[in-house]
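Take a look at the structure below.
In this text the structure is predicted, and so the values were computed from the model without any measurement. To find a chain, count down the sequence lines: A is the first, B the second, and so on, and within it residues start at 1.
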Amino acid sequence: MNRKPIFTIIAVLIVIGIYSYDFFIEQKAKSDLIKDGQTVKALTNTFFLPTSTTGQVIHHQNYSLSYNEPYEQAEWVAYELKASHLSSTNRKRPYFEIDEAIKTGAAHWKNYKKSGYDKGHLCPAGDRRFTKAAHDETFLTSNISPQEHQFNAGVWNRLEQKVRYWAKKNDGVFVVTGGILNEDLKTIGEEEVAVPNQFYKVILDHTNGKTKMIAFLMNHENSNLPLYKFVVSVDTLEALTGIDFFPELEDRIENQLEASASYKSWSF
DNA sequence: CTGAGACTC
DNA sequence: GAGTCTCAG
């Protein structure tokens, strides 16, 4: 009878041990996930990542972003869209989740509820349908910006579809996108998520060793104008955002390409 | 494709 | 909050 407390203590220790082990495995899996994302970018696509004006760059498995805390959204989201990524698989839309990777705290989706604005994807769900995990990963609140529905479902949607067309045609493109974040923007919700007045997108293609790029700047309103009307130089966007979009590109090529607002080598 | 919102449980 | 359904451009 007097041995009973010993057994109890041993049993408790075993239970604690099991929970600790589970916790350890879970943490290990999480750190591997983050490390993998960084490794992938380091080994392959580093050159296409823009600079960050905030110092908070997050690498997810299928896109990277730079979070701008005061505006409660990403200043840019960057990803590669390969032809093989394009999928017609219909996937169920999950619920938006707070991106736990944002150390300063990503906005809650409730800020958007009944705000009159869409939770507009920056990395589109339609570009990440190749797996459920990739699709779900776009439903993080670090990957959205308040967008008028007419804009999101209209001219912005048209541009996103054009990017898919180029990805298919050129066997892959790099995409950088976001809202123009500057002072005195309207905000929504308790966390005061800023509503950009303009949105931009930069597309880089390096098919067959030739590098070309094209950039778009759109006012935050729907339009029926053809997409080429919104073409600007990357230099224009860099002046507006303070972001250096392709710092790893050879300077001579970078300077030449970024100064151009020509779209003659892109088919619409 | 891009989404919101109402309704039930 | 989760799941299902309807609706709009």
Handout entry: Spacing between Gln161(A) atom CD and dT2(B) atom P, to the nearest angstrom
Key = 8 Å
Handout entry: Phe151(A) CZ to dG9(C) P, straight-line distance once rounded to whole Å
Key = 18 Å
Practice task
Identify whether any heavy atom of Gln147(A) sits under 4.0 Å from a base atom; if not, whether one sits that close to sugar-phosphate; answer base, sugar-phosphate or nothing.
Solution key: nothing
Problem - Interatomic distance where CG belongs to Asn152(A) and P belongs to dG3(B) [whole Å] - result: 4 Å
Practice task
Rounded off to whole Å, could you give me the CD-to-C1' distance for the Glu160(A) and dG3(B) pair?
Solution key: 12 Å
Exercise for the section: Could you tell me whether a side-chain N or O of Glu248(A) sits under 3.5 Å from a main-chain N or O of Leu49(A), the two making a donor and an acceptor? Expected result: no
Handout entry: Rounded distance (Å) that lies between atom P of dG3(B) and atom CZ of Arg158(A)
Key = 16 Å
Handout entry: Between Ser64(A) and His59(A): side-chain donor-acceptor atoms closer than 3.5 Å
Key = yes
Exercise for the section: Figure out the NZ/P separation between Lys114(A) and dG3(B), and round it to whole Å. Expected result: 20 Å
Exercise for the section: Mark yes or no for a side-chain to base donor-acceptor pair under 3.5 Å between Tyr95(A) and dG3(C), with no hydrogen or angle criteria applied. Expected result: yes
Problem - Under-4.0 Å side-chain N/O to phosphate OP1/OP2 contact, Arg93(A) with dC5(C) - result: no
Problem - Nucleotide dG5(B), atom P - distance to NZ of Lys113(A) in whole Å - result: 8 Å
Practice task
Whole angstrom is fine here: how far is it from NZ in Lys119(A) over to C1' in dG5(B)?
Solution key: 10 Å
Handout entry: Validation row, ring centre Phe199(A) to ring centre Phe151(A) under 6.0 Å
Key = yes
Exercise for the section: Answer with yes or no after comparing the ring centroid distance for Tyr112(A) and Phe96(A) against a 6.0 Å cut-off, counting only values under it. Expected result: no
Practice task
Assess the pair His206(A) and Phe174(A): is the distance between their ring centroids shorter than 6.0 Å?
Solution key: yes
Handout entry: Earlier contact from the 5' end, DNA chain B, for Ser88(A) and Tyr112(A)
Key = Ser88(A)
Handout entry: Under 4.0 angstrom between His121(A) side-chain N/O and dG3(B) OP1 or OP2
Key = yes
Practice task
Under 4.0 Å between any heavy atoms, over every strand shown, what does Gly154(A) touch: base, sugar-phosphate, or nothing? Just pick one.
Solution key: nothing
Practice task
Give Asp118(A) one of three labels, base, sugar-phosphate or nothing, depending on what nucleic acid heavy atoms sit under 4.0 Å from its own.
Solution key: sugar-phosphate
Problem - Comparing Ser115(A) and His149(A) on DNA chain B - which has the more 5′ nearest nucleotide - result: His149(A)
Exercise for the section: Between Lys92(A) and Trp109(A), just flag the one whose closest nucleotide in DNA chain C comes earlier from the 5' side. Expected result: Trp109(A)
